[in-house]
Peer 1: 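Handing you this structure, nothing more for now.
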2 protein chains.
Amino acid sequence: MPVRSAEPKAVPIAETFERVFGLLRRALPPDDLSLTAASTLHRLEQHGDRRLTELAGLEGVTQPAMTQLVSRLERSGLVVRRADPLDGRVVLVQITPDGLGVLRRRRAIRAARLTSLLAGLSEADRSAITAALPALDRLAGLAPPP
Amino acid sequence: MPVRSAEPKAVPIAETFERVFGLLRRALPPDDLSLTAASTLHRLEQHGDRRLTELAGLEGVTQPAMTQLVSRLERSGLVVRRADPLDGRVVLVQITPDGLGVLRRRRAIRAARLTSLLAGLSEADRSAITAALPALDRLAGLAPPP
DNA sequence: TATTGTTATACTCTATAACTATA
DNA sequence: TATAGTTATAGAGTATAACAATA
């Protein structure tokens with residue numbers, strides 16, 4: 001009986017990831033940021049101001065979708081649009097102190113919830129998850145097929 | 001310098017999960033099912049017909065949201081609504097052969113994409129991810145705070 | 001009266017197509 | 001002409017509140 005190579009493993013991995021997504025979605029505080037909004041803010045925090053088109057590419061959404069997301073974030077005071085002195089067409093997006101505060105609060109809330117969930121696992125399970133984090137980060141960092 | 005207990009670990013775990021979510025989202029075929037729709041179909045496939053309210057609870061969405069999701073799925077021919085002969089108020093949701101086919105196709109596409117991504121990792125990373133799957137499944141299966 | 005589900009309404013998030021402004 | 005971004009429009013997906021039907 002042949003043991004096939006990489007393909008069969010992908011199915012259970014994909015299904016587990018979808019279940020983890022369900023966990024993320026259900027653990028989202030009701031009137032919190034969407035996952036895309038949070039990811040965008042996180043990127044602006046980590047890597048500084050970015051052009052709108054660049055953000056759209058990094059987040060894997062269209063330019064109009066990012067225009068609208070940035071507009072919503074700006075309306076909420078979490079980012080501001082700035083002009084690029086070198087190119088009049090460009091919009092630079094910058095996170096505000098309020099935006100940083102929202103990220104900080106959100107992180108604390110999610111960490112607390114996740115901590116209480118992790119408490120329901122065995123120490124071995126927690127270790128297995130911790131051990132996989134670097135690998136998962138590398139997986140998530142691989143350029144997805146555009 | 002004190003090493004604090006469980007709380008600090010939750011932050012990197014939550015952030016890695018969000019990055020994996022980004023991967024999932026970007027790898028979604030353009031005109032495919034939403035993650036919630038897919039999860040609902042998957043549940044109907046695995047566990048048989050379910051009542052609408054039960055599905056809403058399992059997926060962590062409201063009853064009206066599930067009414068609408070089921071309506072969209074029914075319009076697309078992926079599920080049907082059936083009456084419960086024992087209770088005239090109840091709607092039983094059943095997956096159709098077309099729904100099963102969509103799940104099968106979708107699984108194959110996602111597995112192929114994930115396989116090509118996994119090929120970009122080291123064998124050690126792939127092993128770490130595989131080793132964490134049961135733990136992640138248990139984590140995702142824990143009842144989230146309602 | 002309580003439960004099951006739907007309808008009404010509103011907002012976020014996303015897409016494609018058409019447009020404006022700048023280079 | 002090409003690039004950066006916005007506006008227009010449409011649809012999925014979600015929520016709360018109000019409603020209808022059945023138990």
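Sequence lines set the chain letters: A, B, ... in the order given, protein chains first and strands last, and positions in each chain run from 1. Quantities reported herein were computed from a predicted structural model and do not represent experimental measurements. The figures that follow rest on heavy atoms only: side chains count, while hydrogens, waters and symmetry mates do not.
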Peer 1: I need the full list of side-chain hydrogen bond (donor to acceptor under 3.5 Å, both in side chains) pairs touching residues 90-103 of chain A, with sequence neighbours left out, sorted by first then second residue.
Peer 2: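 Output for this query lists A/R82-A/Q94.
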
Peer 1: Please give the remaining members of the hydrophobic cluster of B/V80, linking ILVMFWY side chains under 4.5 Å, ordered by chain and number.
Peer 2: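 ILVMFWY cluster around B/V80 holds nothing else.
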
Peer 1: With sequence neighbours left out, which residue pairs that include part of residues 127-139 of chain B fulfil the salt bridge (charged side-chain N to carboxylate O under 4.0 Å, His left out) condition?
Peer 2: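 Every pair satisfying salt bridge (charged side-chain N to carboxylate O under 4.0 Å, His left out) with a residue in residues 127-139 of chain B: A/R19-B/D137, A/D125-B/R138.
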
Peer 1: Going by salt bridge (charged side-chain N to carboxylate O under 4.0 Å, His left out), name the pairs with one or both residues in residues 60-74 of chain B, residues two or more places apart or in two chains.
Peer 2: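 For residues 60-74 of chain B, and leaving out neighbouring residues, the salt bridge (charged side-chain N to carboxylate O under 4.0 Å, His left out) pairs sorted by first residue read B/E74-B/R81.
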
Peer 1: Could you tell me how far apart B/Q63 (CD) and D/dT22 (C1') are, to the nearest whole angstrom?
Peer 2: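 Computing the B/Q63:CD to D/dT22:C1' distance gives 14 Å.
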
Peer 1: If I take atom CZ in residue B/R75 and atom C1' in nucleotide D/dG13, what distance separates them, rounded to the nearest angstrom?
Peer 2: 12 Å

Peer 1: Taking only N and O in the side chain of A/T62, is any of them less than 4.0 Å away from OP1 or OP2 of C/dT16?
Peer 2: no

Peer 1: Near DNA chain D, counting only heavy atoms under 4.0 Å, which residues of residues 46-54 of chain A show up?
Peer 2: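 Of all residues in residues 46-54 of chain A, the ones placing a heavy atom under 4.0 Å from DNA chain D are A/R51, A/L52, A/T53.
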
Peer 1: Mind checking what makes side-chain contact (heavy atoms from CB on, under 4.5 Å) contact with B/R50, not counting sequence neighbours?
Peer 2: B/L44, B/H47, B/E54, B/L55

Peer 1: Rounding to an integer number of Å, can you tell me how far A/L55 CG sits from D/dT6 P?
Peer 2: 11 Å

Peer 1: So does A/L35 get a backbone contact from the side chain of A/S39, meaning a donor-acceptor N/O pair under 3.5 Å?
Peer 2: no

Peer 1: Under a 3.5 Å cutoff, is there a donor and acceptor pairing between the side chains of A/T36 and A/E59?
Peer 2: no

Peer 1: Return the set of residues passing salt bridge (Lys or Arg N to Asp or Glu O under 4.0 Å) with B/D87 (not counting sequence neighbours), or none when no residue passes.
Peer 2: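 Here the qualifying residues are B/R89.
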
Peer 1: Kindly say if B/T67 contacts the phosphate of C/dT7, meaning a side-chain N or O under 4.0 Å from OP1 or OP2.
Peer 2: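 For C/dT7, neither OP1 nor OP2 has a side-chain N or O of B/T67 closer than 4.0 Å.
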
Peer 1: Under 4.5 Å between side-chain heavy atoms, chaining through other members, with only Ile, Leu, Val, Met, Phe, Trp and Tyr counted: pull out the rest of the cluster around A/L86, sorted by chain and number.
Peer 2: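 Noted: A/L86 shares its cluster with no other residue.
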
Peer 1: For each nucleotide in nucleotides 17-23 of chain C, reading 5' to 3', give B when a protein heavy atom comes within less than 4.0 Å of its base, S when such contact involves only the sugar-phosphate, and - otherwise.
Peer 2: B----BS

Peer 1: Any side-chain N or O of B/S34 below 4.0 angstrom from OP1/OP2 of D/dG13?
Peer 2: yes

Peer 1: Any side-chain donor-acceptor pair under 3.5 Å between A/H42 and A/R107?
Peer 2: yes

Peer 1: Heavy atoms from C-beta onward define the side chain here; which of D/dG5, D/dT14, C/dT14 lies closest to that of A/V61?
Peer 2: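 Between D/dG5, D/dT14, C/dT14, the one nearest the side chain of A/V61 would be C/dT14.
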
Peer 1: Whole Å only: how far is the CZ atom of B/R72 from the P atom of D/dG11?
Peer 2: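 Distance check: B/R72 CZ to D/dG11 P gives 13 Å.
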
Peer 1: Using whole Å, what does the distance between atom C1' of nucleotide D/dA23 and atom CG of B/D84 come to?
Peer 2: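 After rounding, the gap between these two atoms is 12 Å.
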
Peer 1: Among all residues two or more places apart in sequence or in another chain, which pass the salt bridge (Lys or Arg N to Asp or Glu O under 4.0 Å) test with B/R126?
Peer 2: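 So B/R126 forms a salt bridge (Lys or Arg N to Asp or Glu O under 4.0 Å) with B/E123.
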
Peer 1: Angle, rounded to 10°, between the helical axes spanning five pairs at each terminus of the helix from C/dT1-D/dA23 to C/dA23-D/dT1?
Peer 2: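 Roughly 20° between the end axes, to the nearest 10°.
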
Peer 1: Whole angstroms only, please: what is the CG-P distance between A/L33 and C/dC11?
Peer 2: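 Checked: the CG to P distance equals 18 Å.
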
Peer 1: Residues in side-chain hydrogen bond (donor to acceptor under 3.5 Å, both in side chains) with A/T130, at least two apart?
Peer 2: none

Peer 1: Between C/dT4 atom C1' and B/R81 atom CZ, what is the distance in whole Å?
Peer 2: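 In whole Å, C/dT4 C1' and B/R81 CZ are 12 Å from each other.
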
Peer 1: Please give, in whole Å, the distance from C/dT14 C1' to A/M66 CE?
Peer 2: 11 Å

